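The structure appears right after this line, and notes come after that.
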Amino acid sequence: MPELPEVEVVRRGLAAHTTGATIERVETFGHRVLRRHLPGEEDFAGRVAGRRIEAVCRRGKYLWLDLGGEAVLAHLGMSGQLLLARPGDPVPKHLHARFELIDASGAPLLVHFVDQRTFGGLALAGVDADGIPDPVQHIARDPFDPLFDAAVVARRITSRPSGIKRQLLDQTIVSGIGNIYADEALWRAGLHGERRGDRLTKPAVIRLLGHAHEVMADALGEGGTSFDSLYVNVNGESGYFERSLNAYGREGQPCRRCGSLMRREHFMNRSSFSCPRCQPRPRVADGQFRP
DNA sequence: AATTAGCCCTGATTGC
DNA sequence: TGCAATCAGGGCTAAT
């Protein structure tokens, strides 16, 4: 996280302010931010300077500035932010990169990449004929993609014995879903995350994917989820979807559907929140038994 | 081939 | 009060 809705909030903000802008100069701070740009910071700065931002794009949780033939690729990791600023504004804490732009109206504009935990990063990458950057090739289409095909994804999910939450979080199966929205989609669908994919029907998985799409669309409508004030739009503002969460973080609170007390389980080194009544555990857990 | 452990990192929170 | 342990966890890599 930030997951798809939070990244889309950022994409929209960047698109509104930087489409058609020219990158005059870029400065990076520290070695972490460009660790995936193997040629290094001088190469990055040299190749980005003077380029025009044609569009701002996203797939799953990846975001990129389309420079025409190449892209400045960004991943926010757990705590990354892209913030707009004006020259003279105070320097934010945990600043890892600063893009100096001249926007489409000719005004100077700064884009700051801020990241407390430094799991995020930037890179300059080539793109394919569809404009998808090379490092994003292995990322599956997300539910917001016009070419996302729920039937195809459901066929794949129902062909595997892996647990359904594991598969929802697998960005090579469907992208954009992280721990929060996986739990929310499973709650809406009334499924426990350890239900095996191959023991669910295809229509049930298609419904689950529909719930995932719907809950992320709802969150986007609220400006995203602001769980720990690290998820903000390009103006540093938080969204309001946290109020609407039905599962994530609600351990011990009554299920909003049946009133049972929500439980918390540890799974894949992270917390899973679910309703013990609406989302009963499978009798045989994922992977424990194979006929 | 699929799955899992380990790693990266800082700040808020909890425990002694 | 102070210090240490714990937790948050996406995505990649190495190991199984």
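Model, not experiment: these values are computed from the prediction. Throughout, protein chains are lettered first and strands after them, A, B, ... in sequence-line order, and every chain is numbered starting at 1.
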Using a 4.0 Å heavy-atom cut-off to protein, can you give one letter per nucleotide of nucleotides 5-11 of chain B, 5' to 3': B if the base is in contact, S if only the sugar-phosphate is, - if neither? ---BBBS
Which parts of nucleotides 11-16 of chain C does protein reach within less than 4.0 Å, heavy atoms only, written one letter per nucleotide 5' to 3' as B for base, S for sugar-phosphate only and - for none? SS----
Among all residues two or more places apart in sequence or in another chain, which pass the side chain to side chain contact (heavy atoms under 4.5 Å, CB included) test with A/Leu147? A/Arg141, A/Asp145
Under the side chain to side chain contact (heavy atoms under 4.5 Å, CB included) rule, collect the residues that match up with A/Gln137, sequence neighbours excluded. A/Asp128, A/Ile132, A/Asp134
d(CD1, A/Ile180; C1', C/dC7) in whole Å: 14 Å
A/Arg166 CZ to C/dG10 C1': how many Å, rounded? 15 Å
OP1 or OP2 of C/dC7 under 4.0 Å from side-chain N/O of A/Ser271: no
The bend of the helix from B/dA2-C/dT16 to B/dC16-C/dG2, taken between the axes of its five terminal pairs at each end and rounded to 10°, is 50°
Just verifying a value: how many Å separate A/Glu3 CD and A/Ile180 CD1, rounded to the nearest 0.5 Å? 5.0 Å
For A/His17, what residues pass the ring-ring contact (aromatic ring centres under 6.0 Å, His included) criterion, not counting sequence neighbours?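 Residues passing ring-ring contact (aromatic ring centres under 6.0 Å, His included) with A/His17: none at all.
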Would you please say whether a donor-acceptor pair under 3.5 Å links the side chains of A/Tyr62 and A/Gln171? no
Would you call A/Arg51 and A/Glu70 a salt bridge, using N to O less than 4.0 angstrom? yes
